[in-house]
Amino acid sequence: MKLTDNTFGKRHKLCNKTLLEQLFADGASVSMFSYPFRLVYMLTDPDPDSENVQVVITVSKRNHKRAVDRNLIKRRIREAYRINKSLWHTNRDGSFVIDGKRVLVAFVYTSKDILDFKTIENGIRKGIRSICKNIEKNSGIPVRDAD
């Protein structure tokens with residue numbers, strides 16, 4: 001993947017039901033908080049048919065009753081991720097920050113307010129960086145500096 005590839009297509013989205021169940025199952029994944037998100041991630045073996053990072057975005061119906069509001073928030077989150085997903089890649093050839101693994105990530109929007117794009121984008125950036133640092137600290141997988 002090239003650094004200039006700013007798409008967010010089907011290959012980048014986590015749609016597999018069994019993987020989603022594993023991601024949210026107790027003990028199978030790591031959870032952390034980066035305002036306004038709760039981040040849940042899990043490392044798996046690489047899959048040649050998908051990207052090295054797959055993402056699912058959720059917005060609670062409990063906190064945002066109107067579908068219009070949930071869709072607005074999800075649009076902002078998708079755009080912020082699309083712009084900043086290059087934080088997973090550091091080399092000019094676009095090699096993956098975390099070697100030999102695939103990362104499944106859930107961005108769970110926790111704020112009860114509809115936040116502006118800048119706040120959401122900052123949360124995405126901090127979240128990606130904290131996931132990289134946490135993976136390096138806990139699993140011993142070398143992570144190149146994602147800044």
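In this chain, numbering begins with 1 at the start of the sequence shown.
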- Heavy-atom distance under 4.5 Å between the side chains of Phe107 and Leu39, does that happen here? yes
- Query: Would a 4.5 Å heavy-atom cut-off, applied to side chains only, mark Lys13 and Val55 as touching?
  - Reply: no
- Query: Can you check whether Thr18's main-chain N or O pairs, donor with acceptor, with Asn16's side chain at less than 3.5 Å?
  - Reply: yes
- Query: Under 3.5 Å, is there a donor-acceptor pair between the side chain of Ser50 and the main chain of Arg11?
  - Reply: no
Do the side chains of [X] and [Y] join up, straight or via other hydrophobic residues, at under 4.5 Å, putting them in one cluster?
X: Val30; Y: Phe33; result: yes
X: Leu104; Y: Ile128; result: no
X: Ile114; Y: Ile120; result: yes
X: Val40; Y: Val56; result: yes
X: Ile77; Y: Leu72; result: yes

- Charged N-O contact under 4.0 Å between Glu79 and Arg76: no
- Message: Check this for me: does any side-chain nitrogen of one of Asp45 and Arg102 sit under 4.0 Å from a carboxylate oxygen of the other?
- Response: no
Using every non-hydrogen atom in the two residues, find where [X] and [Y] come nearest and quote the distance to one decimal.
X: Leu14; Y: Leu19; answer: CD1-CB, 3.9 Å
X: Phe24; Y: Ala106; answer: CZ-CB, 3.5 Å
X: Ser29; Y: Met42; answer: CB-CB, 4.0 Å
X: Ile83; Y: Asn6; answer: O-OD1, 4.5 Å
X: Ser130; Y: Met32; answer: OG-SD, 3.3 Å
X: Ser34; Y: Gly127; answer: OG-N, 3.5 Å

- From CD1 (Ile131) to CG (Leu87), nearest 0.5 Å: 11.0 Å
- Query: Checking side chain to side chain contact (heavy atoms under 4.5 Å, CB included) for the pair Tyr41/Ser31: CA distance, chi angles, key distance, verdict?
  - Reply: CA-CA 7 Å; Tyr41 77 90; Ser31 180; over 6 Å; no
- Task: Run the numbers on Arg78 and Lys74 for side chain to side chain contact (heavy atoms under 4.5 Å, CB included), then give the verdict.
- Result: CA-CA 6 Å; Arg78 279 194 305 266; Lys74 286 191 279 187; 3.9 Å; yes
[X] and [Y]: side chain donor to acceptor below 3.5 Å:
X: Arg82; Y: Thr7; result: no
X: His12; Y: Lys85; result: yes
X: Asn63; Y: Tyr109; result: no

Under the salt bridge (Lys or Arg N to Asp or Glu O under 4.0 Å) test, which residues partner [X], sequence neighbours left out?
X: Arg125; answer: Glu121
X: Lys10; answer: none
X: Arg38; answer: none
X: Asp49; answer: none

- Item | side chain to side chain contact (heavy atoms under 4.5 Å, CB included) evaluation trace for Phe37 with Val108 | CA-CA 5 Å; Phe37 301 104; Val108 181; over 6 Å; no
- Task: Show your reasoning for whether side chain to side chain contact (heavy atoms under 4.5 Å, CB included) applies to Ser111 and Tyr35.
- Result: CA-CA 8 Å; Ser111 176; Tyr35 183 79; 3.8 Å; yes
- Message: For Asp116, give me all partners under side chain to side chain donor-acceptor pair (under 3.5 Å), at least two apart in sequence or on another chain.
- Response: Thr119
- Query: For Phe8, which residues count as a ring-ring contact (aromatic ring centres under 6.0 Å, His included) partner, sequence neighbours excluded?
  - Reply: Tyr81
